[in-house]
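Take a look at the structure below.
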Amino acid sequence: MDWWKKSVVYQIYPMSFKDSNGDGIGDIGGIIEKVDYLKELGVDVIWLTPIYESPMDDNGYDISDYYKINPLFGTMEQFEEMLDKLHSRGIKLIMDLVVNHTSDEHQWFKEARKDKNSKYHDFYIWKDKPITDQQSFFSGSVWEYNEETDEYYYHLFSKRQPDLNWDNEEVRKEVYRLINWWLDKGIDGFRMDVIDLIGKIPEESVMFGEKSHIYLQEMHKACFEGRDVFTVGETSFATPQSAPLYSDKERKELTMCFGFEHLGLEEIKGNGKWDLKKLELNELKQVFKIWQKALHEKGWNSLFWSNHDQPRIVSRMGNDTTYRIESGKMLGLVLHGMQGTPYIYQGEEIGMTNVKFPLEDYKDIETINMVKEKQEAGWSMEKIMAGIYAKGRDNARTPIQWNSSENAGFTTGTPWIKLNPNYTEINVEDTLKQENSIFNFYQQLIKIRKDYEIITVGDFELLYEEDSNIFAYTRKSETEELRVVANFTGEEIECKGLSEIATEYDRVLLTNYTLNRTVKDVLRPYEAIMFYKSI
Ligand code: TEU
Ligand code: CA
C-alpha cells in the first residue's frame with residue numbers, strides 16, 4: 001500500500017505558527033520547538049508553505065531565490081535541523097513549489113525587464129499592449145506596463161508576481177533543476193502552487209490548458225521517477241473528470257491534487273468569492289459524492305476543509321460559539337471518513353475560529369486589493385466587511401494560540417498580525433488538558449485511518465440524499481463496512497432508522513457525544529457517529 005494512502009498531512013503556515021526569536025514572525029526555530037506536539041497529534045507529513053527568499057508581497061508566494069531560506073524564517077542550517085528532527089520522529093516533509101510565477105525581485109525577472117535581448121526575457125510573458133481585459137486574482141488587469149522595455153508583462157496574481165513562460169524549455173529545465181536540488185536534500189515531495197495554470201494561454205485568457213499534463217509528465221520523468229516522494233497539485237480548476245488524469249499512477253503526473261469545488265458553493269457563480277451565498281448542504285453532499293466516485297480506484301483524492309487561503313471551517317460550516325467543540329469534531333469525522341489523504345490546517349485541531357478585525361488590521365494583499373476594487377464597483381463598506389469576515393484569508397493567518405498568556409505564547413515580540421482575541425479560551429495548552437477536545441478527537445481520527453483498512457479502500461455511497469440536515473454515507477469493502485451519520489445543524493433533528501442501524505453494526509468507532517448514548521431516531525446538535533462492522 002502506498003504510504004501516503006494512510007497518511008495524514010498537517011499544513012504549517014510558518015509565519016503564523018510559532019516565533020522563536022521574538023521578532024513577531026513565526027519561523028523554523030518555532031517549528032523545531034513544536035515537532036513533538038505534531039508527533040503527539042499523530043500526523044505523518046508536514047506541508048510547509050514557502051520559506052524561500054522573498055520580498056513577502058504575498059507572504060512568500062513570491063519567490064526571489066529558490067535556493068535560499070528567507071532570513072525572516074531562519075537559516076539553511078535550521079532548515080536541515082528541522083528536517084532531521086521531523087525524520088527522526090517518523091514525520092515526512094513536503095515543501096511548497098511555487099513555479100507558476102516568481103517574485104519581480106527574482107534575478108531572472110530583473111534581467112528580463114531591463115533588456116528585451118536578455119536570455120531571461122523569454123522566461124516571462126510579454127506583449128506590446130494589454131491584448132485582453134483579463135483580471136488578475138488580486139484585482140486589476142493581468143497586464144502590467146514595464147517602462148524599461150516599453151511593453152507589458154502578464155501576472156495572474158499580484159503585479160509583483162510575474163508569470164513564468166512554461167512554453168520556454170529553459171524555464172522548465174531551471175524548474176526541474178531546483179526541484180531535484182531540494183529532493184536531493186532529502187525532502188519527501190512538494191505541494192505545487194496553482195500548478196494547473198502552467199498550461200495557460202494568455203492570448204485567450206485561458207488559465208488552464210491541456211499542456212499542464214504534458215509539462216507535469218515531463219517534470220515527473222525529470223524529477224520524481226524512481227523516488228519515493230509524493231506530490232499534491234493545487235489545481236484550482238480541477239474537475240471530477242480531470243482530477244483522475246492528474247492522479248492516475250499510469251500517467252505519472254502527480255500523486256494527488258486539491259479540488260476546490262466543495263469550497264466554492266457559498267458564492268454566486270461567476271461573481272467571485274466575496275459575493276456571499278448561503279451554503280446548501282445537499283449541494284455540498286453531491287460534490288463530495290461526485291468526487292469520491294470519480295476518483296475511486298481511478299486516482300487518489302485529497303480531503304481538506306481549510307488551508308492558509310480559506311476561512312476557518314468551524315466558523316464557516318460549523319458553529320464557533322455554542323457548539324464549537326461538537327461541530328469541529330463533526331466536520332473532522334465527516335471529512336476523515338472518506339477516501340483520500342486528509343490535510344489538517346494548523347489550528348484546525350484545536351478549533352480555531354474566524355476573526356473580525358477593523359479594516360486597518362488586515363494584512364493580506366488579496367483583501368487589501370479587493371477593498372479598493374469593490375469600493376470602485378460601488379459596494380458598501382458593510383458588504384465589503386461581510387465578505388472579508390466570511391472569506392478573507394487572514395482568518396486562517398492569525399497566530400496559533402499556544403496558551404492563554406500574552407500573545408498566546410506565539411511570540412515575545414509584537415505579532416506581525418493581531419491574534420484572535422479568543423486565545424484566552426481557545427489554545428493548545430488548555431485543549432491538551434481536556435478529555436473531549438477536538439485535538440483528542442483528531443488523534444483518534446488519525447489512528448482509525450491506520451487501524452481500519454475500510455477507510456482507505458472502501459467505496460462511497462451517499463445516504464439521506466434529500467435530507468438538508470444530514471450528511472451520511474457508507475464505505476464498503478468485501479470484509480468491512482463503515483457508516484457515518486452527521487447532523488450538520490445546531491438543532492436536534494429526526495434521523496429515521498438510526499436506532500435500527502445501531503443494532504446492525506458491531507460498534508460505534510467514534511462519536512462526538514458520549515459513546516453510551518441510547519440510540520434513538522434523533523441526532524443531537526452537530527452529532528456525528530461512525531458505525532463499524534466487519535462482514
Ligand atoms: O492560491 C491560488 C489560488 O487559487 C488563490 O487565488 C485562491 O483561490 C485565493 O487565494 C482564495 O482566496 C495559491 C496560494 O495558495 C496562495 O496563497 C497564493 O496567494 C497564490 O497561489 C499565488 O501564489
Ligand atoms: Ca521569528
Side-chain angles (χ1 to χ4, degrees), residues 262-263 265-266 278-288 303-306 310-338 342 344-345 347-354 390 395 422 425-426 430-431 434-446 448 462-475 482-499 501-502 505 508-532:
H262 64 299
L263 296 179
L265 301 173
E266 309 118 299
K278 182 180 170 307
L279 174 73
E280 296 300 336
L281 177 64
N282 285 346
E283 284 181 20
L284 183 71
K285 287 153 58 173
Q286 287 306 318
V287 168
F288 275 114
L303 304 169
F304 68 104
W305 288 125
S306 313
Q310 300 294 334
R312 291 276 177 192
I313 192 63
V314 75
S315 301
R316 180 179 196 170
M317 295 193 192
N319 168 297
D320 61 10
T321 52
T322 321
Y323 295 108
R324 185 178 63 84
I325 303 267
E326 291 83 355
S327 66
K329 291 178 180 179
M330 179 278 287
L331 290 160
L333 194 151
V334 164
L335 190 77
H336 284 241
M338 287 191 262
I344 300 169
Y345 178 62
E348 180 185 333
E349 78 279 8
I350 61 166
M352 277 179 65
T353 67
N354 281 352
N395 278 312
N422 66 15
E425 288 84 52
I426 302 171
D430 292 347
T431 296
Q434 293 156 8
E435 268 298 296
N436 70 342
S437 65
I438 297 175
F439 180 93
N440 176 275
F441 196 81
Y442 267 62
Q443 281 179 313
Q444 294 178 72
L445 285 171
I446 295 167
I448 283 177
L462 187 64
L463 307 173
Y464 299 90
E465 293 217 32
E466 303 313 317
D467 187 313
S468 58
N469 297 323
I470 296 175
F471 193 149
Y473 56 83
T474 56
R475 303 284 315 280
L482 209 58
R483 181 179 291 230
V484 166
V485 184
N487 175 0
F488 239 73
T489 78
E491 310 297 326
E492 178 164 299
I493 56 160
E494 185 192 18
C495 180
K496 282 200 179 66
L498 186 61
S499 45
I501 290 164
Y505 283 79
V508 169
L509 275 192
L510 200 52
T511 179
N512 56 352
Y513 279 77
T514 49
L515 258 177
N516 56 359
R517 70 192 288 278
T518 46
V519 175
K520 300 193 297 292
D521 285 1
V522 292
L523 284 168
R524 286 170 283 186
Y526 296 105
E527 184 164 19
I529 310 171
M530 181 184 269
F531 295 98
Y532 172 84

Are any non-hydrogen side-chain atoms of Leu281 and Asn469 less than 4.5 angstrom apart?
no

Pairs satisfying side-chain hydrogen bond (donor to acceptor under 3.5 Å, both in side chains), at least one member in residues 321-330, at least two apart:
Asn319-Thr321

Could you list the residues that satisfy salt bridge (charged side-chain N to carboxylate O under 4.0 Å, His left out) with Glu492, not counting sequence neighbours?
none

side-chain contact (heavy atoms from CB on, under 4.5 Å) filter on Gln443, not counting sequence neighbours, yields Glu40, Leu41, Phe439, Asn440

Checking Arg475 now: which residues fulfil side-chain hydrogen bond (donor to acceptor under 3.5 Å, both in side chains) with it, not counting sequence neighbours?
none

Tyr473: which of Lys285, Met338, Glu465 passes side-chain contact (heavy atoms from CB on, under 4.5 Å)
Met338

Min side-chain heavy-atom separation Gln286-Leu462 under 4.5 Å
yes

Leu463: partners by side-chain contact (heavy atoms from CB on, under 4.5 Å), with sequence neighbours left out
Ala472, Thr474, Arg483

Taking only residues two or more places apart in sequence, or in another chain, which ones meet Thr489 in a side-chain hydrogen bond (donor to acceptor under 3.5 Å, both in side chains)?
Asn487

side-chain hydrogen bond (donor to acceptor under 3.5 Å, both in side chains) partners of Asp320, counting only residues at least two apart
Ser315

Applying ring-ring contact (aromatic ring centres under 6.0 Å, His included), name anything that partners Phe441, two or more places apart in sequence or on another chain.
none

Could you tell me whether the side chain of Leu284 reaches within less than 4.5 Å of the side chain of His262, counting heavy atoms only?
yes

For Tyr442, enumerate each residue passing the side-chain hydrogen bond (donor to acceptor under 3.5 Å, both in side chains) test, keeping only those at least two apart in sequence or located in another chain.
Glu348

Would you say the side chain of Phe488 lies within less than 4.5 Å of the side chain of Met330, judging by non-hydrogen atoms?
yes

For Glu283, the salt bridge (charged side-chain N to carboxylate O under 4.0 Å, His left out) test, sequence neighbours excluded, returns Lys277

